[in-house]
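What you see below is based on every heavy atom in this structure, not just the backbone, and it leaves out hydrogens, waters and symmetry mates. Since this is a predicted model, take the numbers as computed values, not measurements. By convention in this document, chain letters (A, B, ...) are assigned in the order of the sequence lines, proteins followed by strands, and residues within each chain are numbered from 1.
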Number of protein chains: 2
Amino acid sequence: MSQTQEPRRKPGRPKAGDDQRDVRDAILDQAEACFAAAGFAGASLRDIATRAGVNQALLRYYFGSKQDLFDAVFRRRGGMISGRRHVLLDRALAEPEPSVESLVRAYLRPQWEMKQSGPGGAAFIALQARVHAEPEAHALELRREVYDPSLKRYIDALSGQLPGIPRDLVATRMAFLVGAYLFMLNDLGRLADLSEGQIREIAEEEMLEQLVRFLSAGLKAPGI
Amino acid sequence: MSQTQEPRRKPGRPKAGDDQRDVRDAILDQAEACFAAAGFAGASLRDIATRAGVNQALLRYYFGSKQDLFDAVFRRRGGMISGRRHVLLDRALAEPEPSVESLVRAYLRPQWEMKQSGPGGAAFIALQARVHAEPEAHALELRREVYDPSLKRYIDALSGQLPGIPRDLVATRMAFLVGAYLFMLNDLGRLADLSEGQIREIAEEEMLEQLVRFLSAGLKAPGI
DNA sequence: AACTTTATTATTCAGTCGATGAATAATGAA
DNA sequence: TTCATTATTCATCGACTGAATAATAAAGTT
């Protein structure tokens, strides 16, 4: 078999205007997909590099270690979600008397939007669920760094609308809420078979509304 | 340094009555701890074997591949939880008019008991949370095999107590419930700091009751 | 034109992984 | 006594891993 001379790219800086979309982003995108599919340990830098169409050493050049790359992946979309949460909370609080439902909806919607935004967003949602299930201290710090600030604002806002319930119980219930939506978003497709044939073709948008109703009722439940 | 002659175990079948507790169980215990701490890909058979005090090839002898070992770990305690759920459901249904709360409590309690039962049980709870976050088809099959039968029974029982709510909505809400308790059990220790100093020293038993209240209220929320 | 910086590939390294074939010893049945 | 079965270790293999370094070329700067 005659070696089909592949025109190997030579090392060195590429000519300007060569690759429009940033190489960094291509790496982050593929890393996101790999980490989501296989977890931190299961994903390999070689695979990520190959899929992104670059050399493995370039990952190191841009991001440093594997852990650093993972963190960059998580912070990128996590920051977007957190930022969007702030915006939607401000908007909800601008209403004269914001309902618990509207606050819960504001909290959940950014995650929802992220999942709907495309395959990259959906991959991140899966990745996020994994990070939340990891017991390592670093994973905990990471999610705290990204998500705790907005979470605390929501706890305060909800406390204001739930006068009978002490703040720390609201905080506890918010933790329940986080678990429910993480799982639901991640599991949505497979959720269908639970009802065993009794066709569940709830439109995805309606599913979010169902979750809002469920969680709001839980938050409003009378305290001890 | 004089090589401190370690009394290496000779190959071959050990004399009878040598090792009382089953070697199989020792392997499963250590595998459980490793998988819980590092995930499937992150755990290594070498580490598991060393910790269990046996040779690595013995894992293969007893369990086959790494995946098979993982499955055995998951089925062992998963089956216990599932069995206990059946028992508690029978008991709850024996009451004249079982409340939603009592059904939810019966569903959650086996997980709770498992977590309290010792370090092995707690490790399994963490492992379980990881499995639920994994998108691979095999992980999905595994949890379905272990947990779906009891889940379906609970959906039926709850439907009986929630006359206004269609069965498939109850099924959906049960999925929310699963997410909430998986996350809560796994995250319990770290949950404390959420309320920022406002001391949360809710006893662990009370936390379970809080979750029951929260979820029952969500299940009872009026449908569409 | 000469130098520096930036972006990229190629290669190497030391280590770990899961898997496996072979050897070995205790046991129990024939 | 013989012989198959069971439980165990040993030794190693090839594949793969993350990391590190060297080489290279284009672009920018002086």
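- Of the side-chain N and O atoms in A/Ser44, one or more sit less than 4.0 angstrom from OP1 or OP2 of D/dT17.
- Nucleotide D/dT8 holds its P atom 16 Å from the CD atom of B/Gln56, rounded to whole Å.
- If you find the closest nucleotide of DNA chain C to B/Asp47 and to A/Asn55, the one lying nearer the 5' end belongs to A/Asn55.
- Note that NZ of B/Lys66 and CG of B/Asp71 are 12.5 Å apart. Values are rounded to the nearest 0.5 Å.
- One interatomic measurement links the two molecules: CZ of A/Phe63 to P of D/dA19, which rounds to 14 Å at whole-angstrom precision.
- Set against C/dA7, C/dT9, D/dT8, the side chain of B/Pro14 has D/dT8 as its closest nucleotide.
- Taking the nucleotide of DNA chain D with the nearest heavy atom to each of A/Leu45 and A/Ala57, the more 5' of the two is matched to A/Leu45.
- For the OP1/OP2 pair of C/dT8 and a distance below 4.0 Å, the side-chain nitrogens and oxygens of A/Tyr62 include at least one atom meeting the criterion.
- Under the 3.5 Å distance criterion, with hydrogens and angles disregarded, no donor-acceptor pair is assigned to the side chains of B/Asp47 and B/Thr50.
- Contact annotation: A/Tyr61 side-chain N/O to C/dT9 OP1/OP2 distance is not under 4.0 Å.
- One atom, CZ of A/Arg46, and another, P of D/dC16, lie 10 Å apart when rounded to the nearest Å.
- B/Ala49 comes within 4.0 angstrom of no nucleic acid atom, judged by non-hydrogen atoms across all strands.
- Between A/Arg76 and A/Asp29, at least one side-chain nitrogen of the basic residue sits less than 4.0 Å from a carboxylate oxygen of the acidic one, meeting the salt-bridge criterion.
- One atom, CZ of B/Phe35, and another, C1' of C/dC17, lie 13 Å apart when rounded to the nearest Å.
- OP1 or OP2 of C/dG18 sits under 4.0 Å from a side-chain N or O of B/Lys66.
- Summarising the geometry, the separation between CZ on A/Arg24 and P on C/dA7 is reported as 10 Å, rounded to the nearest angstrom.
- As rounded to whole Å, 12 Å separates atom P of C/dT8 from atom CG of A/Leu59.
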Annotated structure of DNA chain D as dot-bracket, pair cut-off 3.5 Å, Watson-Crick or G-U only, | for inter-strand, is ||||||||||||||||||||||||||||||
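- Ring planes of A/Phe40 and A/Phe70: perpendicular class, angle over 60° (limits at 30 and 60°).
- Nearest-nucleotide assignment on DNA chain C puts the 5′-proximal partner with B/Gly64, out of B/Pro11 and B/Gly64.
- Ring-plane geometry between A/His132 and B/Phe183 is classed as tilted, the angle between the planes lying from 30 to 60 degrees on a 0 to 90 degree scale.
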Would A/Asp156 and A/Ser159 count as a side chain to side chain donor-acceptor pair (under 3.5 Å) here? Give the steps.
CA-CA 5 Å; A/Asp156 287 335; A/Ser159 279; 5.5 Å; no
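- With B/Gln128 as the fixed residue, the side-chain contact (heavy atoms from CB on, under 4.5 Å) test singles out one of B/Met114, B/Arg77, B/Gln111: B/Gln111.
- Among the heavy atoms of the strands lying under 4.0 Å from B/Ala43 are primed sugar atoms or P, OP1, OP2 only; no base atom is included.
- Note on ring orientation: taking the six-membered ring where Trp is involved, the planes of B/Phe214 and A/Phe214 are perpendicular (angle over 60°, cut-offs 30° and 60°).
- Residue A/Leu58 is classed as a base contact, given a heavy-atom separation below 4.0 Å to a base.
- Between the C1' atom of C/dT12 and the CZ atom of A/Arg60 lies a distance of 14 Å, rounded to the nearest Å.
- Listed candidates were D/dT21, C/dT8, D/dT12. Nearest to the side chain of A/Val23 is C/dT8.
- Atom pair A/Gln67:CD and D/dT17:P shows a separation of 18 Å (rounding to whole Å applied).
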